[in-house]
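Accompanying notes for the structure given below.
Letters A, B, ... are given to chains in the order of the sequence lines, protein chains preceding strands, and every chain is numbered from 1.
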2 protein chains.
Amino acid sequence: MSILVVGTVALDTVQTPFGKAKDVLGGSAAYSALAASFFGKVKLVAVVGKDFPGEFIGSLRAKGIDTKGLQIKKGKTFRWSGRYSYDLNNPETLKTELNLLSGFNPQIPDNYRNERFIFLANIDPHVQLKVLEQLKNPELVVSDTMNYWIEHQKKALKQVIKKTDILALNDAEARELSGEANLIKAAKALLRFGPRLIIIKRGEYGCSLFSRTFSFYVPAYLLESALDPTGAGDTFAGGFLGYLATCKRINESSFKKAIGFGSIMASYTVEDFSLNRLFRLKKSDVETRFKDFQRLTRF
Amino acid sequence: MSILVVGTVALDTVQTPFGKAKDVLGGSAAYSALAASFFGKVKLVAVVGKDFPGEFIGSLRAKGIDTKGLQIKKGKTFRWSGRYSYDLNNPETLKTELNLLSGFNPQIPDNYRNERFIFLANIDPHVQLKVLEQLKNPELVVSDTMNYWIEHQKKALKQVIKKTDILALNDAEARELSGEANLIKAAKALLRFGPRLIIIKRGEYGCSLFSRTFSFYVPAYLLESALDPTGAGDTFAGGFLGYLATCKRINESSFKKAIGFGSIMASYTVEDFSLNRLFRLKKSDVETRFKDFQRLTRF
């Protein structure tokens, strides 16, 4: 089954204790679309400016991603610049230039409107709502967000969450949105907003999944070398939904495996800057590390 | 198989955002001995002063712990006072009064000297060495330590580690002792000190086990209510070694299960102040939560 991904495609400038990357491919939709492409056909909806390097679009297409929904507009691409200290969990944002992202009106191509597996990656919840309005038959909607939208667009965000099957967010966001410090209590509160599942991402510490009937915890796949965590959460979600889209039946067991695949995709992302590691990755690498991850965590 | 536990028995005063406890039973050996007692017969070696409440000794004995190795000396019991913020991973030490702990000369009773499962809980490494010298036939030595000994008694500590089969320490201690920021690299460096296994404890984020041939990661068992994390690492180690002492054959699978049991014991500890939750705990609770933990983490 194919996957529709909506979010940002960006030019990132990132500094970590292990190196620096300037004006590289980034954005929530770029990371998640590339991660999902390891599992199925991906359709990408986003906006970039005329300044966006054609080679970046070419490399996404070369991975089989359908970019008909990627608008190329007059103006400048969204840019994000951030810096990580040795605590790779929390970047310091140095600069955010929304550029074409402000006023972005997502146009879902006609042949995308019947898509059933939808990832609303981190972007203004009004954009996420406009996407949902154009879809005829969504079966599984996964949404992500960030602290900025929790603080500034809570009403629209809550409308998105109401229409969301699976909400993925990090621990600080879960606490902020729910008003609960304890993660189990936060997840219970968020389930009351509407979703069937809440995924709480904890960076290098793994993640937890909560439904009304079961929970699931995984540690992160530890790495000997982590260079840049940017996009880890987005690749997680892309891998998660990508795997689900391959399942004949979606049940507790497939959700848990999907969390495993999401974790693996995220682990690859942080091994290099930008999407570099993902571009070099083979499907067989994913399968191998997934099996390794099962072995590493089973007792 | 029985277990010999050596370490501190203390009077703790602890403050967390959820309450306060004054002059309560604490200490690395008290926590780990009580945790291990759920799995087998425990022999406790430590020192306390005449000021130490007899009822605390009585309650340990009531749990079947052999306290013949608990010296009661003229003088004052070791006292620790600490405060936790909402980040329950790292306490601020307000006061440490070593009292009888300085100059503690551990006397291993004759009928303890053939013990084979040994936990050297956190205490001056010179004390740990003196214990090892008195043992005739140790089969599995688990050691714990803390940043203070890494900084002030590194030479003695390294001697202990050389004679240790399984070294358990938290992530900051692993980084400090190895000089490696990355946990996998830190574990590899620590394995070169001698032990067969390194356990890196990560508080509310779970823990990782490293050997020369396999690794294993578990998340922590999430709790809806965590009151006081004091002693969690010690109960972890007590549960870990306690379970191993019940195994006919000790192999990779038993080490992983032991990590699971250690994690469960730690999760109970933080549900209340001091050893209160452990005193109320039943063996059947441990079994139930262990099975729950397997289900929560398997994919």
Donor-acceptor pairs between chain A and chain B under 3.5 Å, which ones?
{"residue": "A:Asn182", "atom": "ND2", "partner": "B:Leu223", "partner atom": "O", "Å": "2.7"}
{"residue": "A:Asn182", "atom": "ND2", "partner": "B:Glu224", "partner atom": "O", "Å": "3.0"}
{"residue": "A:Lys188", "atom": "NZ", "partner": "B:Glu224", "partner atom": "OE1", "Å": "3.0"}
{"residue": "A:Lys188", "atom": "NZ", "partner": "B:Glu224", "partner atom": "OE2", "Å": "3.2"}
{"residue": "A:Arg202", "atom": "NH2", "partner": "B:Glu204", "partner atom": "OE1", "Å": "3.3"}
{"residue": "A:Glu204", "atom": "OE1", "partner": "B:Arg202", "partner atom": "NH2", "Å": "3.3"}
{"residue": "A:Tyr217", "atom": "N", "partner": "B:Leu296", "partner atom": "O", "Å": "2.8"}
{"residue": "A:Leu223", "atom": "O", "partner": "B:Asn182", "partner atom": "ND2", "Å": "2.7"}
{"residue": "A:Glu224", "atom": "O", "partner": "B:Asn182", "partner atom": "ND2", "Å": "3.0"}
{"residue": "A:Glu224", "atom": "OE1", "partner": "B:Lys188", "partner atom": "NZ", "Å": "3.0"}
{"residue": "A:Glu224", "atom": "OE2", "partner": "B:Lys188", "partner atom": "NZ", "Å": "3.2"}
{"residue": "A:Lys256", "atom": "NZ", "partner": "B:Arg295", "partner atom": "O", "Å": "3.1"}
{"residue": "A:Gln294", "atom": "NE2", "partner": "B:Phe299", "partner atom": "O", "Å": "3.1"}
{"residue": "A:Arg295", "atom": "O", "partner": "B:Lys256", "partner atom": "NZ", "Å": "3.1"}
{"residue": "A:Leu296", "atom": "O", "partner": "B:Tyr217", "partner atom": "N", "Å": "2.8"}
{"residue": "A:Arg298", "atom": "NH2", "partner": "B:Phe299", "partner atom": "O", "Å": "2.5"}
{"residue": "A:Phe299", "atom": "O", "partner": "B:Gln294", "partner atom": "NE2", "Å": "3.1"}
{"residue": "A:Phe299", "atom": "O", "partner": "B:Arg298", "partner atom": "NH2", "Å": "2.5"}

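Of the two parts of A:Phe293, the backbone and the side chain both hold a non-hydrogen atom closer than 4.5 Å to a non-hydrogen atom of chain B. Contact of B:Ile184 with chain A is made through the side chain alone, with heavy-atom distances under 4.5 Å. Neither the backbone nor the side chain of B:Ala258 comes within less than 4.5 Å of any heavy atom in chain A.
The minimum heavy-atom distance linking A:Leu222 with B:Phe210 is given by the pair CD1-CZ, 3.7 Å.
Close placement of the B:Phe290 and A:Phe299 rings is indicated, their centers lying within 6.0 Å of each other.
To the nearest 0.5 Å, atoms CG (B:Leu183) and CG (A:Leu223) are separated by 11.0 Å.
Ranked by heavy-atom pairs shorter than 4.5 Å toward chain B, the options A:Pro219, A:Gly260, A:Gly206 are led by A:Pro219.
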